[in-house]
Amino acid sequence: MWGCVRGSDLKGAVCAALFAALAATSSARAGEAVDEAPQRVVSINLCTDQLALALADPSQVVSVSHFATDPSMSVHWKQAEDLPVNYGRAEEISILHPDLVLADTWSNPDTIRMLRTLGIRVEQLPPGTSLPEIRGRIETMGKLLGHPDRAAKMLADFDARLAAIKTPAPGLKAAIIGPSGYGYGPRTLEGQILEMAGFQNVVSGPGLDWGGRLPLEDLVMDRPDLVVVGGSQGGTGTSRAQEVLAHPVLRDLPVVRGLRDASWTCGAPAMLGAVETLATLGRKIEKEKLAQ
């Protein structure tokens, strides 16, 4: 609503619709049952996009975040291409007349506050990294969308697929590093993927639960069996922060590039693709070490 009163370039019709939404939603939603399956769902977060697109009826979701159509980040990008995208702004979301907005804990608080002021139901899901958190997100999403049976099936399939992954014997060490030499700790999704694949994360210890900058000297001394380098495209890019990923010392380490794709993005069933890939690499490394 600030855009309407502070002279932004919002069209007059949009502003009128926004003020109309305030009056309409505040009364219409007052008696709405919270357990009724929503019919107009808007997602403003990439990871809520992924679960909503997987669990909702096709007609339920009316908009997803603009990240949802990016193949390097979204496993459901094809499905998302048929939907209007949003940039997480309250003005554009309110005129869609949603009966449920899906957001993350870290979504823009001003957007959340404004939508709730308008009487629009907003549900914020915490980020999912550990297995219990990921399972909880799936279960919660199923309930919010009115499809707990689909969520239960997704969880059963997730558990069966995870149990079927053959991991190497304990003892292999690995690290995942990104721009500026940032290493991903055990509490991150990347760290969880390493653990599920049977690797010991060398980025661990006091203060590194969520990761931190990892000096290359420390990385060399840790003698990892595998170093996963780079982002979803696997390149080193052109920024100074990414120059470390092309450092000559990495040539002497068992580095793999181009491994990370959309399956690494969110705590959802698709992440098992990353686990399977890493576990396969781990078994290959294990076999090579035994042959030496």
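Along the sequence shown, residues carry numbers from 1.
- The shortest non-hydrogen separation linking Ala262 to Pro71 is CB-O, 3.6 Å.
- To the nearest 0.5 Å, atoms CG (Leu145) and CG (Leu51) are separated by 9.0 Å.
- Annotation: side chain of Ile93 is in contact with side chain of Leu115 (closest heavy-atom distance under 4.5 Å).
- A continuous path of Ile, Leu, Val, Met, Phe, Trp and Tyr side chains, each step under 4.5 Å between heavy atoms, connects Val255 with Leu245, placing both in one hydrophobic cluster.
- Applying the side chain to side chain contact (heavy atoms under 4.5 Å, CB included) criterion to Leu46, with sequence neighbours excluded, gives Asp49, Gln50, Ser65, Phe67, Met73, Ser74, Thr265, Cys266.
- Ser59 and Asp57 are not linked by any side-chain donor-acceptor pair at a separation below 3.5 angstrom, with hydrogens and angles left out of the test.
- Contact detail for Pro126 and Thr105: the closest heavy-atom pair is CA-OG1, 3.0 Å.
- Here the CD-OG1 distance, from Glu133 to Thr140, works out to 11.5 Å after rounding to the nearest 0.5 Å.
- Legend: residues meeting side chain to side chain contact (heavy atoms under 4.5 Å, CB included) with Thr277, ordered by chain and number and at least two apart, are Leu259.
- Under the 4.5 Å side-chain criterion, counting only non-hydrogen atoms from C-beta, Met196 is in contact with Leu162.
- Contact check on Lys166 versus Glu276 returns no salt bridge, with no Lys/Arg side-chain nitrogen under 4.0 Å from an Asp/Glu carboxylate oxygen.
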Applying side chain to side chain donor-acceptor pair (under 3.5 Å), run through Asn86 and Ser63 and close with a yes or a no. CA-CA 7 Å; Asn86 67 76; Ser63 179; 3.0 Å; yes

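- Trp77 and Leu102 fall into different hydrophobic clusters, where Ile, Leu, Val, Met, Phe, Trp and Tyr side chains are chained together by heavy-atom contacts under 4.5 Å.
- Counting heavy atoms from C-beta outward, Val61 and Ser43 have side chains that stay 4.5 Å or more apart.
- Residue His97 holds its NE2 atom at 11.0 Å from CG of Leu118, rounded to the nearest 0.5 Å.
- At least one side-chain heavy atom of Pro224 sits under 4.5 Å from a side-chain heavy atom of Val227.
- Considering every non-hydrogen atom in both Ser204 and Leu208, the closest pair reads O-CD1, 3.4 Å.
- The closest donor-acceptor contact from the side chain of Gln192 to the backbone of Arg187 lies at 3.5 Å or more, if one exists at all.
- In this structure a side-chain-to-backbone donor-acceptor pair under 3.5 Å is present from Arg40 to Leu96.
- Among all heavy-atom pairs drawn from Val122 and Arg116, the shortest one is O-NH2, 3.1 Å.
- In terms of modelled atom types and a separation under 3.5 Å, the side chain of Arg257 and the main chain of Val228 share no donor-acceptor contact.
- Listed for the Gln200 side chain is no donor-acceptor partner under 3.5 Å among the backbone atoms of Pro170.
- Side-chain atoms of Leu278 and Leu194, non-hydrogen and from C-beta on, do get closer than 4.5 Å to each other.
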| message | As a quick check of understanding, evaluate side chain to side chain contact (heavy atoms under 4.5 Å, CB included) for Met271 and Leu189, giving each step before the final call. | response | CA-CA 9 Å; Met271 66 178 285; Leu189 183 62; 3.7 Å; yes

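- Note that the CZ atom of Arg137 and the CG atom of Asp104 stand 6.0 Å from one another [nearest 0.5 Å].
- Using a cutoff of 4.0 Å between basic side-chain nitrogens and carboxylate oxygens, Asp110 and Arg89 are not scored as salt-bridged.
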Passes salt bridge (Lys or Arg N to Asp or Glu O under 4.0 Å), Glu139 versus Arg135? Steps please. CA-CA 6 Å; Glu139 185 176 5; Arg135 292 178 59 86; over 6 Å; no

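- When atom types are taken as modelled, the side chain of Gln39 and the backbone of Ala37 share a donor-acceptor pair closer than 3.5 angstrom.
- Judged by distance alone, the side chain of Gln79 and the main-chain N or O of Leu53 form a donor-acceptor pair under 3.5 Å.
- A donor-acceptor pair under 3.5 Å is absent between the side-chain atoms of Glu286 and the main chain of Gly282, judged by distance alone.
- Formation of a donor-acceptor pair under 3.5 Å by the Thr111 side chain with backbone atoms of Gly88 is found in this model.
- Leu155 and Leu131 fall within a single hydrophobic cluster, where Ile, Leu, Val, Met, Phe, Trp and Tyr are joined by side-chain heavy atoms under 4.5 Å apart, directly or via other members.
- Taking NZ of Lys173 as the reference point, atom CG of Asn201 lies at 11.5 Å (rounded to 0.5 Å).
- Put simply, OG on Ser72 and CG on Asp261 are 9.5 Å apart, with the number rounded to the nearest 0.5 Å.
- At most 12 heavy atoms of other shown residues, nucleotides or ligands fall within 6.0 angstrom of atom CZ in Arg213.
- At a threshold of 4.5 Å between side-chain heavy atoms, the hydrophobic network of Ile, Leu, Val, Met, Phe, Trp and Tyr places Ile134 and Val75 in two separate groups.
- With a 6.0 Å cutoff to the six-membered ring centre and a 45° limit on the axis angle, Arg260 counts as a cation-pi contact of Tyr184.
- Closest approach of Gly273 to Ser263, counting heavy atoms only: C-OG, 4.4 Å.
- Within the 4.5 Å cutoff, side-chain heavy atoms of Leu219 are placed close to those of Leu250.
- Using a 4.5 Å heavy-atom cutoff, the side chains of Met141 and His147 are not in contact.
- When hydrophobic clusters are built by joining Ile, Leu, Val, Met, Phe, Trp and Tyr residues whose side-chain heavy atoms come closer than 4.5 Å, directly or via intermediates, Val42 is not grouped with Tyr87.
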Practice task
Please report the C-alpha distance between Lys289 and Ile285 in whole Å, then the side-chain angles of each, then the deciding distance to 0.1 Å, and finally whether the side chain to side chain contact (heavy atoms under 4.5 Å, CB included) criterion is met.
Solution key: CA-CA 6 Å; Lys289 293 183 73 172; Ile285 294 168; 4.0 Å; yes

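- No donor-acceptor pair closer than 3.5 Å links the side chain of Asp225 to the backbone N or O of Ala174.
- By the 4.5 Å heavy-atom criterion applied to side chains, Val101 and Glu123 are not counted as neighbours.
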Do Ile177 and Tyr182 pass the side chain to side chain contact (heavy atoms under 4.5 Å, CB included) test, and can you show the C-alpha distance, the side-chain angles, and the key distance before you say yes or no? CA-CA 5 Å; Ile177 61 171; Tyr182 186 90; over 6 Å; no

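- At a threshold of 4.0 Å, the pair Asp157-Lys153 counts as salt-bridged, since one of the basic side-chain nitrogens sits closer than that to a carboxylate oxygen.
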Going through the checks in order, is the side chain to side chain contact (heavy atoms under 4.5 Å, CB included) test met by Leu144 and Arg121? CA-CA 11 Å; Leu144 290 175; Arg121 181 186 175 196; 3.4 Å; yes

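- Panel note: side chain Ser107, backbone Ala103; no donor-acceptor pair is recorded below 3.5 Å.
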